[in-house]
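Please read the structure below before turning to the comments.
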There are 2 protein chains.
Amino acid sequence: MRGNLFAVAVDLVILTVRRDQLNVLLVRRGERPYESHWALPGGFVRADEDLGDTAARELAAQTGAATQGAVQGHLEQLSGYAAPDRDPRGRVLSMGYLALLPDVPDPEPTGGPSAAFLPVEDVYGLAFDHDTILADGVERARAKLEYTTLAAAFCPPEFTVTDLRRVYEAVWRTEIDPRNFQRKVTSTPGFLIPTATRVTGGRGRPPQLFRRGPATALHPPMLREPVSVAHA
Amino acid sequence: MRGNLFAVAVDLVILTVRRDQLNVLLVRRGERPYESHWALPGGFVRADEDLGDTAARELAAQTGAATQGAVQGHLEQLSGYAAPDRDPRGRVLSMGYLALLPDVPDPEPTGGPSAAFLPVEDVYGLAFDHDTILADGVERARAKLEYTTLAAAFCPPEFTVTDLRRVYEAVWRTEIDPRNFQRKVTSTPGFLIPTATRVTGGRGRPPQLFRRGPATALHPPMLREPVSVAHA
DNA sequence: ACCCGATAGCATCACACCGACGAGAAGGCG
DNA sequence: CGCCTTCTCGTCGGTGTGATGCTATCGGGT
């Protein structure tokens, strides 16, 4: 069997919506290279693991096993990164993974390296090629909100239409008309399941609470921009 | 640096449309394991290569450097596959790549292992986990025809609207109304650029010849099925 | 008690797009 | 010439969406 040997790592783009902003979980590196730089959380694939196993293990380690039930969240593979010089220690291939989580109370794992959710707009200068991986992950998340029901992965088990709309607005950095948005999501079969309860205590008319429905796709999709594609 | 070491390979899903059928390029293995089984073409990543370099090199090797100009074709990364037992020789991670080509004259490379385009419908029992990689590649291609102009990658430099429609019909295994299809593709700015020439010699009214335009996205997308998404 | 602002949710209208379909344009062939 | 085939343009109705108005129902201030 020819070919060089690689160390294989998994790097996670863990996104959540916090205070109406898209945030990514970063860790501060405690060792060289890139010591004290921010980086995506990740780790090497163990002997008995497939890539998804490693990603799930790292996700649980970073966010606490509680949120890892994955009923609510979402985890999917992004791309592979293997430029010859991407890691000065040697040949390392990294598989990017994208995780979407509800806004968890706070992500500081005990004892580990310092970790924090930071708004993606403020992030740059990450270790290795993590800026690229992060950009790919954010773009994937933005694209998937268009044609899937994945936005609900950012929400707690029960949520309102307004909660869901704020997810879209935060991820896309746009404003969406509340009335048209409500028509769209409530008229898509299987997207939202109404619960018996309503929310009280806020201002205004109490909203209906929903749970995620079984639908995964949005047909037709919700388009970010009525963008004119190209010039003839 | 912890972690096991992997051999890293690239496996190609090379698709083309031939005789109104979606075909994939396969090679017959000449060595163990899976000797004499069909497999996706591929190879190991060399010391100075990034993943895309390896994919481009293998694509050129399989199809001849002629078609490899890639102006016409298309090459993109699929997923990574690294199940611990996917290769009996040891730990191997394979990056899938998807290539779309016009129907080349014939792909038999000199001296190499026997290679052939086979209709994807007839393919099963490939070596390793290549059935999975192939399925992922075909599904990616089908999905991308919906919201990109990538179908033109299956066509020669100049082609008619009917050629393009047959690509969609072959990849999706559906029938499309020629009149509505023509309206859709010709009214999308930047998708098709008319040339001065027309085709003569066939039956019926001579069609207009087009080249690919600069557009890459289709807004709104062309939907495969008015599928009812889910049950409430 | 009353009004007011705020949010939720429903209704309406115009427009764009699409599927179904008709019909004309422009070639080959007997 | 008639007839077939295929390309191309048009029409009609249904659906989905953006823009917008209106109503429902709460908290809070006076």
Side-chain angles (χ1 to χ4, degrees), chain A residues 20 145-147 149 155 158-169 172 174-210 215 217-229, chain B residues 20 145-147 149 155 158-169 172 174-189 191-210 215 217-230:
Chain A
D20 294 340
L145 291 208
E146 288 197 48
Y147 58 95
T149 63
C155 295
E158 300 202 332
F159 54 93
T160 68
V161 172
T162 297
D163 293 335
L164 191 64
R165 178 169 51 83
R166 290 201 204 287
V167 166
Y168 275 90
E169 293 178 335
W172 285 350
T174 52
E175 292 206 346
I176 301 176
D177 184 277
R179 298 159 291 187
N180 292 331
F181 182 82
Q182 174 130 355
R183 179 181 57 190
K184 173 70 176 175
V185 297
T186 58
S187 70
T188 297
F191 193 172
L192 299 180
I193 296 179
T195 68
T197 54
R198 287 172 164 272
V199 177
T200 59
R203 287 179 300 190
R205 175 173 171 175
Q208 177 73 252
L209 272 182
F210 294 90
L218 275 181
H219 273 269
M222 201 179 314
L223 298 182
R224 271 180 280 184
E225 302 170 70
V227 117
S228 67
V229 175
Chain B
D20 293 341
L145 291 209
E146 287 196 49
Y147 58 95
T149 62
C155 296
E158 301 201 331
F159 53 92
T160 68
V161 172
T162 297
D163 294 335
L164 191 64
R165 179 170 50 83
R166 290 200 205 286
V167 166
Y168 275 91
E169 293 178 334
W172 285 350
T174 53
E175 291 207 345
I176 301 175
D177 183 279
R179 297 160 291 186
N180 292 332
F181 182 81
Q182 174 127 358
R183 178 181 56 190
K184 174 68 176 175
V185 297
T186 57
S187 70
T188 297
F191 193 173
L192 300 179
I193 297 178
T195 68
T197 54
R198 288 173 165 269
V199 177
T200 58
R203 288 180 300 187
R205 174 174 171 174
Q208 176 72 252
L209 272 182
F210 294 90
L218 275 180
H219 272 270
M222 202 177 314
L223 297 182
R224 271 180 280 185
E225 303 171 69
V227 119
S228 67
V229 175

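Letters A, B, ... are given to chains in the order of the sequence lines, protein chains preceding strands, and every chain is numbered from 1.
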For residues [X] and [Y], report the shortest heavy-atom separation together with the two atoms involved.
| X | Y | answer |
| --- | --- | --- |
| B/Thr195 | B/Glu158 | CG2-OE2, 3.5 Å |
| B/Pro221 | A/Pro221 | CG-CG, 4.0 Å |
| B/Met222 | B/Tyr168 | CE-OH, 3.8 Å |

Gap between atom CD of B/Glu146 and atom CG of B/Leu223 - 0.5 Å precision: 5.5 Å
Sugar-phosphate, base or nothing in reach of B/Thr162, heavy atoms under 4.0 Å: sugar-phosphate
Sugar-phosphate, base or nothing in reach of A/Ser187, heavy atoms under 4.0 Å: nothing
Annotated protein contacts, base or backbone, on nucleotides 22-30 of chain C with a non-hydrogen cut-off under 4.0 Å, one of B, S, - each: BBBBBSS--
Send over the distance from [X] [atom1] to [N] [atom2], rounded to a whole Å.
| X | N | atom1 | atom2 | result |
| --- | --- | --- | --- | --- |
| B/Leu164 | D/dC7 | CG | C1' | 15 Å |
| A/Asn180 | C/dC13 | CG | P | 16 Å |
| B/Gln208 | D/dT8 | CD | C1' | 11 Å |
| A/Asp177 | C/dA8 | CG | C1' | 13 Å |
| B/Arg165 | D/dT8 | CZ | P | 11 Å |
| B/Phe210 | D/dC7 | CZ | P | 11 Å |

Under-3.5 Å donor-acceptor pair between B/Arg183 side chain and D/dG10 base: no
Below 4.0 Å: OP1/OP2 of D/dT8 and any side-chain N or O of B/Thr186: no
Side-chain N,O (B/Lys184) to OP1/OP2 (C/dC17) below 4.0 Å: no
Main-chain N/O of A/Phe191 paired with A/Thr149 side-chain donor or acceptor, under 3.5 Å: no
Using a 3.5 Å cut-off and no angle test, enumerate the donor-acceptor pairs between side-chain atoms of residues 160-167 of chain A and protein atoms at least two apart in sequence or in another chain.
from     : atom 1 : to       : atom 2 : distance (Å)
A/Thr160 : OG1    : A/Thr162 : N      : 3.3
A/Thr160 : OG1    : A/Asp163 : N      : 3.0
A/Thr160 : OG1    : A/Asp163 : OD2    : 3.2
A/Asp163 : OD2    : A/Thr160 : N      : 3.0
A/Arg165 : NH1    : A/Glu169 : OE2    : 3.3

A/Pro220 side chain, from C-beta outward: closest of C/dC17, C/dC10, D/dG16: D/dG16
